[in-house]
Amino acid sequence: MSKQAPADSEEATADTSDAAAESTETEERTPVTTGSEAVVRALEQEGIEAAFGVQGGAIMPVYDALYHSDIRHITMAHEQGAAHAADAFSVVRNEPGVCLATSGPGATNLVTGIADANMDSDRLLALTGQVPSDIVGSDAFQETDTIGVTAPITKHNYFADDPDTVGDTVGEAIALADEGRPGPTLVDLPKNVTLGDSEGDVAPAEPPATTRPQYVADEENVEEAAEAIEAAERPLLLFGGGVIKADATDEARAFAREYEIPVVTTMPGIGSFPEDDDLCLSWAGMHGTGYANMAITHTDLLIAVGTRFDDRLTGGIDTFAPEAEVIHIDIDPAEISKNIHADYPLIGDAGIVIDQLDDALTSAPDADEWREQCLTWQDEYPMDYATPDDEPLKPQFVVEVLDEATDDDTIVTSGVGQHQMWASQYWTYSEPRTWVSSHGLGTMGYGLPAAIGARVAADDDQDVVCVDGDGSFLMTIQELSVAVREEMDITVAVLNNEYIGMVRQWQDAFFEGRRMAAEYNWCPEFDMLAEAFGARGWRVDDYDEVADTVEEALAYDGPSVIDFHIDPAENVYPMVPSGGANGKFALTEDQL
């Protein structure tokens, strides 16, 4: 269960330099002669295997250098799709994803995807073309202040100003995206810099020295937290997305099982702990399971790992885990006590700190009655649903059939809305990095380009399934042309209710049923549109057709789309009203 903290900076630098020297001695490389070649050399040195982007004038020199590289480039139909695909690639691979765009509209089209990666702490590098340095600020053709626009949504962004150093800048940006709490970085590349002559070799990448995080928690704090765990009668582990990003699922799972502590996850933390394990209560929050929310409401010690306690998890701050002391493990000190007060703050790497706690514990908490209570809540609030013969197809049934037809390591991507909730509620996840969705920003249209990025990152024998909604699918449907062109084996299941379903659900519940701009009965026939793109398409309306169509679509070696026409009146439950108490979740609209 042990994980080693990184060496101090001098040792790390020496190791990196030695590795670079060995690489130089054993591999003949053409010298870097231009800024654009330095950019691509930096990508190659950091092991970047794929990039997603859209060509354009100001970024053209970088693409010309990519022509001679082994890096696989996937041309997307829209820059937003490029950012989402790179984001999903990073989630599946647990390494930085790369997207490229030209200046002006190309760069601004990346913004939604960069903001999405920033909210979800995903490793992303954006490379944007820029007009030549000497005309920056003159309102030149396709000029935008990309640095100013993206400063609030990146860990850091860079304006490259020298062909001799641009490669080092790109390397630093990659390293920074991966350092500590992950996140997006951006390098803006003026065309004169990428076209300019360069005699500078590209140094091994390192993040800025000022960004080095704390990996090992304070020992005194660890001892105090361990004592609290041993004394707890109702302990509960809360695994967030940070467990997965820290590659700490092995440590987290071993800890939960060794001390027999029940586990809930956040939505980004889905897959950090197997949902078919007896200790797992699934995910908590606005649409989390009733039993997960009951456990959070009644725990006396919440051990939270890698979560920022966002409002969709907590509901009302004053009512969240009201009986609990809180142990909060996080690598980002800014998250400690930001939303939920931490009685025992443990700043450090998730896996390392879990191991520290394990070493400090002398006994497991006496929690037999608590575990029994958690099992009782599972019986009291099951995730079931009715399938009346006189009502249309239920989306929950579709998700369960897809789950049963695929392997445990299948990667599921989704857009945002009701379909996202059903895909996370009714699919049983047992592996990390198999649930890929937009959480913090809630970006409709994420699902299809994410499936493309996931397909590039995944093993050849892994299935990739995109569970989408009609409104979400329509926002980025142009990326289906990319999947066809690249002969990508992905299956898209559209849960089509002819509404922006979550908006309609809220309008019915909180706006007296005034369904303003929520009805989408003007959507195209997605099965026929899929065929027009060159993919396979099916339409399904009846329960009897679901299983056979799913099998046929999964067996098809290429992109396929199943247009499931589901019950337009079906809502997502459980539901905690915004700002409400987790323990007072609604199971029907009447309870809201």
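- For Glu44, the salt bridge (charged side-chain N to carboxylate O under 4.0 Å, His left out) partners two or more places apart in sequence, or in a different chain, are Arg41.
- Partners of Tyr573 by side chain to side chain donor-acceptor pair (under 3.5 Å), not counting sequence neighbours: none found.
- For the residue pair Gln420 / Ser437, a side-chain donor-acceptor distance below 3.5 Å is found, with atom types taken as modelled.
- In terms of the side chain to side chain donor-acceptor pair (under 3.5 Å) criterion, residue partners of Asn497 (sequence neighbours excluded) are, by chain and number, Gln418.
- Here Arg312 pairs with nothing under the side chain to side chain donor-acceptor pair (under 3.5 Å) rule; sequence neighbours left out.
- Contacts classified as side-chain hydrogen bond (donor to acceptor under 3.5 Å, both in side chains) and involving residues 380-400 (residues at least two apart or in different chains) are given here: Tyr385-Glu400, Glu391-Lys394, Lys394-Asp567, Lys394-Glu570, Gln396-Glu570.
- Taking the side chain to side chain donor-acceptor pair (under 3.5 Å) definition, one finds that Thr150 meets it with Asn157, sequence neighbours left out.
- Partners of Arg515 by salt bridge (charged side-chain N to carboxylate O under 4.0 Å, His left out), not counting sequence neighbours, listed by chain and number: Asp508.
- In terms of the side chain to side chain contact (heavy atoms under 4.5 Å, CB included) criterion, residue partners of Ala535 (sequence neighbours excluded) are, by chain and number, Leu480, Val484, Ala530, Pro559.
- For Asp541, the salt bridge (charged side-chain N to carboxylate O under 4.0 Å, His left out) test picks out Arg539, with sequence neighbours left out.
- Residue pairs that meet the ring-ring contact (aromatic ring centres under 6.0 Å, His included) test with at least one member in residues 518-541, sequence neighbours left out, are Phe473-Phe526, Tyr520-Trp522.
- Of all heavy-atom pairs between Cys280 and Glu275, the closest is SG-CA, 3.7 Å.
- In this structure the side chain of Val263 never reaches within 4.5 angstrom of the side chain of Ile261, judged on heavy atoms.
- The aromatic ring centres of Phe397 and Tyr426 sit 6.0 Å or more apart.
- A salt bridge between Glu519 and Arg504 is absent, with no side-chain N of the basic residue lying under 4.0 Å from a carboxylate O of the acidic one.
- Scanning for salt bridge (charged side-chain N to carboxylate O under 4.0 Å, His left out) contacts around Glu531 gives Arg536, with sequence neighbours left out.
- Between Arg257 and Asp277 there is a salt bridge, since a side-chain N of the basic residue sits under 4.0 Å from a carboxylate O of the acidic one.
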Which donor-acceptor pairs under 3.5 Å do side chains of residues 574-592 form with protein atoms, sequence neighbours excluded?
from   : atom 1 : to     : atom 2 : distance (Å)
Asn582 : ND2    : Asn293 : OD1    : 2.9
Asn582 : ND2    : Leu313 : O      : 3.0
Gln591 : OE1    : Leu587 : N      : 2.7

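- Between Asp87 and Arg123 no salt bridge is recorded (no basic side-chain N to carboxylate O distance below 4.0 Å).
- Considering every non-hydrogen atom in both Ser414 and Trp435, the closest pair reads OG-CH2, 3.6 Å.
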